[in-house]
Asker: 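Quick one: this structure, given as structure tokens, is what I'll be asking you about.
Source: prediction; values computed, not measured.
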Amino acid sequence: MSERLLPTGTCWCGCDTETGIGSFFARGHDKIAEAAYMAVHHGGSVAQLLHDTGHAPGGKKGPVRAAALKKGWELCPRGCGYAGAPASINNHVNRHHKEK
């Protein structure tokens, strides 16, 4: 199990912006931190990230989608093959599988 993280009151992207109570990032700065991490560790390439972590096609850890399904992601209950976090599944169903 991962260590429990606690917000510090300062944005974790490195910009030194004060954050709200319970927040790790200023609004939108989680994506800035993610992009910076990708640039530093994987040349800004998701394909390189998957290769480096063993999730590229033929990699020793298998597809990242399958790994995510084992860690809480779900498949669309309507059988279309879409996969995502539970909140994403709800949004997907409401948007793409509305009853007509």
Side-chain angles (χ1 to χ4, degrees):
M1 187 137 173
S2 296
E3 174 184 353
R4 182 165 183 242
L5 302 177
L6 298 173
T8 61
T10 303
C11 184
W12 281 31
C13 86
C15 71
D16 293 328
T17 299
E18 188 175 317
T19 60
I21 294 173
S23 295
F24 292 96
F25 299 97
R27 185 177 300 266
H29 288 211
D30 56 330
K31 293 299 181 184
I32 293 169
E34 182 179 42
Y37 179 89
M38 290 294 294
V40 169
H41 295 284
H42 306 290
S45 168
V46 174
Q48 189 66 50
L49 163 75
L50 295 176
H51 176 270
D52 293 348
T53 59
H55 291 290
K60 62 183 175 184
K61 292 187 179 178
V64 71
R65 183 177 189 260
L69 285 165
K70 291 177 183 175
K71 293 287 189 174
W73 271 28
E74 300 173 359
L75 288 170
C76 174
R78 303 289 173 94
C80 72
Y82 180 84
S88 180
I89 292 292
N90 289 336
N91 291 336
H92 165 79
V93 169
N94 290 335
R95 178 175 289 159
H96 298 287
H97 299 293
K98 290 182 180 177
E99 304 265 349
K100 295 182 180 182

Asker: On a heavy-atom basis, which atom in T19 and which in S23 lie closest, and how many Å separate them?
Answerer: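 Looking at all heavy atoms of both residues, the shortest contact is OG1-O, 3.1 Å.
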Asker: Out of curiosity, Q48 CD to M38 CE, how far, rounded to the nearest 0.5 Å?
Answerer: 9.0 Å
Asker: More than 12 foreign heavy atoms under 6.0 Å from NE2 of H51: is that the case here?
Answerer: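 No, not enclosed.
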Asker: Rounded to the nearest 0.5 Å, how far does OG1 of T53 lie from NZ of K60?
Answerer: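 Reported value, rounded in 0.5 Å steps: 10.0 Å.
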Asker: For a quick test of reading the model, state the closest non-hydrogen atom pair linking G62 to H55 and the distance between them.
Answerer: O-ND1, 2.8 Å
Asker: Just verifying a value: how many Å separate H96 NE2 and C80 SG, rounded to the nearest 0.5 Å?
Answerer: 8.0 Å
Asker: Using 0.5 Å steps for rounding, measure from the OG1 atom of T10 to the CD atom of E18.
Answerer: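 It is 7.5 Å, given to the nearest 0.5 Å.
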Asker: N90: what forms a side-chain contact (heavy atoms from CB on, under 4.5 Å) with it, not counting sequence neighbours?
Answerer: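 Once residues adjacent in sequence are excluded, N90 has no partner under the side-chain contact (heavy atoms from CB on, under 4.5 Å) criterion.
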Asker: Flag yes if V64 and V46 sit in one hydrophobic cluster, no otherwise; membership is Ile, Leu, Val, Met, Phe, Trp, Tyr, and two members link when side-chain heavy atoms are under 4.5 Å apart.
Answerer: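 Same hydrophobic cluster.
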Asker: Using every non-hydrogen atom in the two residues, find where A33 and F25 come nearest and quote the distance to one decimal.
Answerer: CB-CE2, 3.7 Å
Asker: With under 30° as parallel and over 60° as perpendicular, where do the rings of H92 and Y82 fit, or are they tilted in between?
Answerer: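 The rings of H92 and Y82 lie parallel, inter-plane angle below 30°.
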Asker: Minimum heavy-atom separation for L75 to G81, with atom names?
Answerer: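 Between these two residues, the closest heavy atoms are CD2-O, 4.1 Å.
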Asker: Roughly how far, to the nearest 0.5 Å, is the OG1 atom of T8 from the CZ atom of F24?
Answerer: 8.5 Å
Asker: Which heavy atom in P77 sits nearest to a heavy atom in I89, and how many Å separate them?
Answerer: CD-CG2, 3.8 Å
